[in-house]
Amino acid sequence: MSATSIARVHGRRVFDSRGRPTVEAQIELQNGAIGRAIAPSGASRGSQEAVDLRDGGVRFGGHDVTRAIGSVNGPIAALLRGSDALDQKGIDQQMIDGDATPAKSRFGGNAIVAVSLAVAHAAAAAQNMPLWRYVAGDQAVALPLPEIQIFGGGAHAGRRIDIQDLMVMPIGAETLGAALAMVADIYRAAGTLMQEAGKLTGVADEGGYWPVFESNEDALTMLVRAIEHAGLRPGVDAALSLDIAATEFSSNGRYRLALDGRDLDRDGMAELVLHWIERFPIASIEDPFAEDDVTGWRRFTAAAGSRVQIVGDDLLTTNAARVAEAATGQLCNAVLIKPNQAGTLTEAHAALEAAQRASLSAIVSARSGESEDVSIAHLAVGWNAGQIKVGSFARSERMAKWNELLRIEEALGNDARYAGGGALRVR
Ligand code: PGA
Ligand code: ZN
């Protein structure tokens, strides 16, 4: 037993930003240090993600997590008691081996990721360090370029519009604080414009305005107008970023854009997205093709990969082997890193390292179901990822992350460096 040995592992049910149950893990060390973390949850999930274990049945619409909490309090606690919290790799491996399924379906990826993050928090607390500094080790860090949602869509907005996230990236700002101030102006401008157009009807799951538009392209036009209305230059101060989440509206190699009344094959889809890139100041596109449409990805990256960041999310599900394969096959040039897709901190970090080794850009990302947990803000800085995505500029489960980044920027003082537009390798 050392001071940083795990003395107690506790799981409890809390509720997320959609009002659904989720897992919170609490780790207590011999020396009294405590770490806590809450599992997030996606709505538009890749098929290869770690399993988000739900009870099913009728309670909370089938979303209850008593089985996942039982994993934390039962087998995971039994495995980890006495282990050294400073050995994150060893602890994550114990959970991977104990679960012994390919997608963490026995313990539940939600149980495992909450414990994995809570262990890191406890270890950082034991060393009197913020999490970002603990995970950074000796590595120099930069504050990440944020991509921030202005309009929600897809599975996060009742499929009112096909594109899932319509975001801005404050590429022209000098500091993270200035970047977030720009986005605050753009978000407010978008609200004003929506109100003037009689289209202000609330917000979607991640806090972006509800997408009352006649077509997908109308939403892009409105996004550019919002940047201009905020007194900023589209493509110079702030660029556009889209998460198309195409797996959600694809089947058998076809893409059905319901709002536009179009049913496209992969070439048609590529043509449409290329047309958007020509017409709008788009710097980044996530999941433009379905996760199983490898040909679509490869051709699109060959056509547009030198001009725009092309991000694999559902395609890669934060898996190091898939990231390496995608790099070799030139399927994309950037990777979304969602710790709960992988299930452990160690595996998520390995996916990030695989991306960095292959010179792919990386974006640490939250999920559409979130909480007050700010771990990912720390990971984006500490891992020096370069970019971060946590939804919109409203609702406290989103603002908690942006505000934490402001605190980290302040703590860095003279050492604070904002990755800014430089984080986009292709521009
Ligand atoms: P999700 O959406 O959390 O619902 O999967 C986020 C994303 O697709 O990036
Ligand atoms: Zn996505």
Side-chain angles (χ1 to χ4, degrees), residues 16-20 22 38-52 54 63 103 109-110 113 144 146-169 203-208 211 240-250 255 273 282 284-293 297 309-319 322-323 326 331-343 348 351 355 361-371 373 375-376 380 385 387-392 395 397-398 401:
D16 74 9
S17 56
R18 283 192 270 253
R20 291 182 186 164
T22 186
I38 302 177
S41 173
S44 69
R45 289 201 283 262
S47 63
Q48 304 299 309
E49 296 192 14
V51 168
D52 188 354
R54 302 283 163 171
H63 295 294
N110 42 352
V113 80
E147 45 176 354
I148 304 187
Q149 190 191 72
I150 304 298
F151 301 110
H156 305 157
R159 301 184 197 284
R160 176 66 182 73
I161 182 175
D162 302 290
I163 300 173
Q164 180 182 282
D165 295 308
L166 293 112
M167 301 171 283
V168 294
M169 304 179 103
V203 299
D205 278 9
E206 298 190 8
L240 307 195
S241 170
L242 306 179
D243 182 359
I244 297 180
T247 305
E248 292 286 312
F249 55 85
S250 161
Y255 296 86
V273 180
I282 295 171
S284 181
I285 302 224
E286 182 176 326
D287 284 350
F289 292 89
E291 62 174 43
D292 56 5
D293 188 357
W297 278 92
Q309 174 169 271
I310 303 170
V311 188
D313 170 14
D314 294 345
L315 177 74
L316 306 174
T317 58
T318 315
N319 177 292
R322 291 168 71 91
V323 169
L331 303 187
C332 56
N333 57 29
V335 179
L336 209 70
I337 302 290
K338 290 167 163 169
N340 84 320
Q341 280 184 331
S361 302
I363 306 160
V364 171
S365 172
R367 302 308 302 252
S368 52
E370 271 292 334
S371 70
D373 188 292
S375 306
I376 62 151
Q387 300 178 55
I388 186 168
K389 172 187 178 188
V390 305
S392 192
R395 299 178 43 141
E397 80 278 7
R398 313 292 151 188
K401 279 77 160 173

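In listed order, ligands and their atoms are each counted from 1. For this chain, numbers begin at 1 and follow the sequence in order.
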With respect to atom 7 (C) of ligand 1, which of K338, R45, E370 exhibits the smallest heavy-atom separation?
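The residue whose heavy atom sits nearest atom 7 (C) of ligand 1 is K338.
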Sorted by chain and number, sequence neighbours left out, side chain to side chain contact (heavy atoms under 4.5 Å, CB included) with N333 holds for Q309, I310, V426
Give a yes or no answer on whether the side chain of D313 reaches the backbone of D287 with a donor-acceptor pair at less than 3.5 Å.
no
Short question: side chain of R160, backbone of A157 - any donor-acceptor pair under 3.5 Å?
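No, R160 side chain to A157 backbone: no donor-acceptor pair under 3.5 Å.
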Which ligand 1 atoms are under 4.0 Å away from a heavy-atom of [X]?
X    : result
D313 : 7 (C), 8 (O), 9 (O)
K389 : 7 (C), 9 (O)
S44  : 1 (P), 2 (O), 4 (O), 5 (O), 8 (O)
E286 : 9 (O)
G42  : 1 (P), 3 (O), 4 (O), 5 (O)
L336 : 9 (O)
D243 : 7 (C), 8 (O), 9 (O)
R367 : 1 (P), 3 (O), 5 (O)

With R54, which residues qualify under salt bridge (charged side-chain N to carboxylate O under 4.0 Å, His left out), at least two apart?
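Salt bridge (charged side-chain N to carboxylate O under 4.0 Å, His left out) check on R54 returns D52.
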D162: what forms a salt bridge (charged side-chain N to carboxylate O under 4.0 Å, His left out) with it, not counting sequence neighbours?
none
Examine A366 against ligand 1 and note whether any of their N/O atoms are separated by less than 3.5 Å.
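N/O-N/O distance under 3.5 Å: no.
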Check step by step if salt bridge (charged side-chain N to carboxylate O under 4.0 Å, His left out) holds for E370 and K401.
CA-CA 10 Å; E370 271 292 334; K401 279 77 160 173; 2.8 Å; yes
Which pair of non-hydrogen atoms, one from [X] and one from [Y], has the smallest distance, and what is that distance?
X    : Y    : result
V364 : A385 : CG2-CB, 3.6 Å
G391 : E206 : CA-OE1, 3.2 Å
S17  : S368 : OG-O, 3.7 Å
L315 : C332 : CD2-SG, 4.4 Å

Starting from atom 3 (O) of ligand 1, find the nearest protein heavy-atom neighbour and note its residue, name and distance.
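The closest heavy atom on the protein side is S368 N, 2.8 Å.
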If you have a sec, work out which protein heavy atom is nearest atom 8 (O) of ligand 1 and how many Å separate them, to one decimal?
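For this ligand atom, the closest protein heavy atom is Q164 NE2, 2.9 Å.
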Show all protein N/O/S atoms under 2.8 Å from the Zn ion (ligand 2), or state that there are none.
D243 OD2, E286 OE2, D313 OD2
With heavy-atom distances below 4.5 Å as the criterion, would you say the side chains of W297 and P288 are in contact?
yes
Any carboxylate oxygen within less than 4.0 angstrom of a Lys/Arg side-chain nitrogen, looking at E291 and R322?
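Salt bridge: no.
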